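I have a structure here, written as structure tokens, and I will follow up with some questions on it.
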Amino acid sequence: MTREDWHNRAASLLIDGRGLIDGKRVASLSEETFASISPIDGRLLTDVALMGAQDVDLAVASARRTFEAGVWSGRAPAERKAVLRRLADLIRAHRDELALLETLDMGKPISDSTSIDVRATSNCFDWYGEAIDKIYDEVAPTAANTLALVTKEPLGVVAAVVPWNFPMLMAAWKVAPALAMGNSVVLKPAEQSSLTALRLGELALEAGVPPGVFNVVTGLGPEVGRALGLHMDIDGLFFTGSTQVGKYFMEYAAQSNLKKIGLELGGKSPNIILKSYRDTAHAAQTSARSAFFNQGEMCTCPSRLIVERAVHDEVVEVLTKTAAEFVPGDPLDPATTMGALVDHRHTERVLGFVDTAREDGADLRLGGTRERAETGGCYVAPTIFDNVRNEMRVAQQEIFGPMLSVIPVDSVDEAIKVANDSCYGLASAVWTDDLSTAHHVSRGIRAGLVYVNCYDCDDMTVPFGGFKQSGIGRDKSLHALDKYAELKTTWIALGR
Ligand code: NAP
Ligand code: MG
């Protein structure tokens with residue numbers, strides 16, 4: 001499709017902003033709505049249901065009712081598999097519509113929405129669907145006159161609260177394993193990106209997920225998110241978002257029913273380029289592409305580039321050249337590589353880091369400017385700060401925009417020290433051809449992901465998540481299924 005095709009399609013799109021409770025699209029009880037504004041050009045996309053605690057009660061009640069009735073939780077794993085795989089097929093069949101909604105709603109380039117977000121989301125439902133009828137429980141090696149069964153049971157009612165940077169995919173990473181395990185689910189998308197979550201809920205119904213098993217509640221974090229966090233009848237709450245809000249969910253759980261909490265939080269990922277890597281230019285190129293991908297709105301964004309002084313100048317030169325591949329443009333143009341940031345408030349916050357960096361003594365090498373202001377949209381040029389010291393605010397705080405800090409160091413051990421000097425521990429990378437250095441650094445870094453001579457490798461088969469204040473627990477892979485399950489031990493006496 002061409003740019004014109006996408007624009008025409010966008011103009012004729014009918015968007016339903018009502019929530020999804022008990023299998024029905026519903027307005028909020030208060031009948032209030034909030035505006036879903038596109039960051040592409042500031043246009044109103046639709047009004048979305050502004051739900052509150054009472055709507056949450058209805059969604060949770062419907063999830064509880066279906067869970068207890070066993071309409072999903074009681075189905076054979078192979079039957080749940082068939083439904084989840086049908087959902088994956090439906091997501092593929094609705095690729096263009098879903099990609100368009102994602103791009104209009106949060107501003108990422110349409111070619112990324114189609115080739116990455118929609119593809120990875122359908123793959124995620126396929127993968128957990130395929131997995132669930134191949135997992136066995138355990139019989140423990142107890143004495144001969146006893147039998148001890150260790151079985152996994154669904155938690156019950158599971159809530160998922162997700163951010164806006166990969167709206168559909170972050171939802172899928174939680175909803176797919178939760179449903180596969182047999183739970184009933186209530187999903188709350190971010191205020192800035194409700195639209196694909198609502199369509200996902202409808203497609204799930206079409207695929208055969210029984211009404212009430214997968215509910216979507218829309219609204220604001222401090223209302224709907226908080227009501228989910230404090231709810232007495234939710235068994236587990238799984239969150240992706242900022243570290244600050246992640247901490248609230250720990251508090252909500254403590255103040256209510258000690259629901260199980262899973263947290264995928266922020267990052268300030270260190271990316272170490274050493275002189276012992278043979279191809280400095282390749283390392284720098286990959287680093288820039290990973291830093292500016294998705295407008296830098298990535299929890300794994302390699303935002304701290306720690307570079308050995310011997311290769312510093314070459315790295316900065318290549319970074320600057322590669323950044324030129326990322327020109328903020330019309331997100332509906334398939335040729336665009338960099339889209340809009342999610343909204344004006346976030347854009348102001350991101351741009352504020354230009355002054356912060358200057359005040360702290362960093363050198364602005366590239367960008368730092370707002371772009372395409374005439375469109376009414378939210379665009380920021382790829383930005384590079386050089387000669388950053390790790391204690392500066394641009395190196396300590398998550399920016400979540402297209403801004404990269406270059407931190408020169410003098411040795412491998414200094415690089416590790418700087419890498420670990422952060423409250424976060426999500427992703428990290430090291431570039432070296434020296435095998436023992438690669439192991440030394442990857443063991444030394446406190447992070448959930450370490451890339452050696454690459455960045456942002458991705459597959460459903462591997463766990464994803466962070467150390468330290470980047471979170472608790474892991475998404476993806478078979479390990480994630482454990483989050484949505486309770487372990488039950490059943491003793492059976494065999495002796496007479
Ligand atoms: P956020 O502000 O923490 O919001 C995330 C979700 O929490 C949204 O649905 C939000 O709802 C809700 N929320 C906000 N305030 C709340 C409150 N007081 N109580 C309950 N819920 C509340 O994060 P974001 O700005 O959407 O996303 C960016 C963050 O996500 C970054 O820190 C990024 O690193 C992180 N992230 C992490 C991963 C990972 O896997 N580790 C992946 C992607 C993103 P509203 O939108 O309605 O306010
Ligand atoms: Mg929006």
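No experiment lies behind these values; they were computed from the predicted model shown. Just so you know, ligand 1 is whichever comes first in the structure, and atom 1 is the first atom listed for that ligand.
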Review point. Any N or O of W164 that comes nearer than 3.5 Å to an N or O of ligand 1?
Key: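 Min N/O separation from ligand 1 is below 3.5 Å for W164.
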
Exercise for review: Heavy-atom contacts with P189 under 4.0 Å: which atoms of ligand 1 show up? List them by number with element.
Suggested key: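 Near P189, meaning under 4.0 Å from one of its heavy atoms, ligand 1 has 9 (O).
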
Practice item. Report yes or no: does a heavy atom of G219 sit under 4.0 Å from some atom of ligand 1? Key: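 Contact present.
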
Practice item. Taking atom 7 (O) of ligand 1 as the reference point, report whether a protein heavy atom occurs under 4.0 Å from it. Key: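 Yes, there is a protein heavy atom closer to it than 4.0 Å.
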
**Study point:** Parallel, tilted or perpendicular: ring planes of W164 versus F400, cut at 30 and 60 degrees
**Key:**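 Correct class here is perpendicular.
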
**Study point:** Atoms of ligand 1, numbered as shown, that sit under 4.0 Å from any heavy atom of L220
**Key:**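 Per the distance check, 47 (O).
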
Review point. Any N or O of S470 that comes nearer than 3.5 Å to an N or O of ligand 1?
Key: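 Between S470 and ligand 1, no N or O pair is found under 3.5 Å apart.
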
Exercise for review: Check whether any side-chain heavy atom of K259 lies under 4.5 Å from a side-chain heavy atom of M232, and answer yes or no.
Suggested key: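 Side-chain contact under 4.5 Å: no.
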
Exercise for review: Could you list which atoms of ligand 1 come closer than 4.0 Å to a heavy atom of N165?
Suggested key: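 Ligand 1 atoms under the 4.0 Å threshold to N165: 43 (C), 44 (C).
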
Check your understanding: Under 3.5 Å, N or O to N or O, is V162 touching ligand 1 that way?
Key ->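 Yes, at least one N or O pair falls under 3.5 Å.
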
Exercise for review: State, with a plain yes or no, whether a side-chain heavy atom of L45 is found less than 4.5 Å away from one of L195.
Suggested key: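 Yes, at least one pair of side-chain atoms sits under 4.5 Å.
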
Check your understanding: Does a salt bridge link K108 with E102, judged by any charged N lying under 4.0 Å from a carboxylate O?
Key ->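 Looking at E102 together with K108, the answer is no, because their closest N to O distance does not fall below 4.0 Å.
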
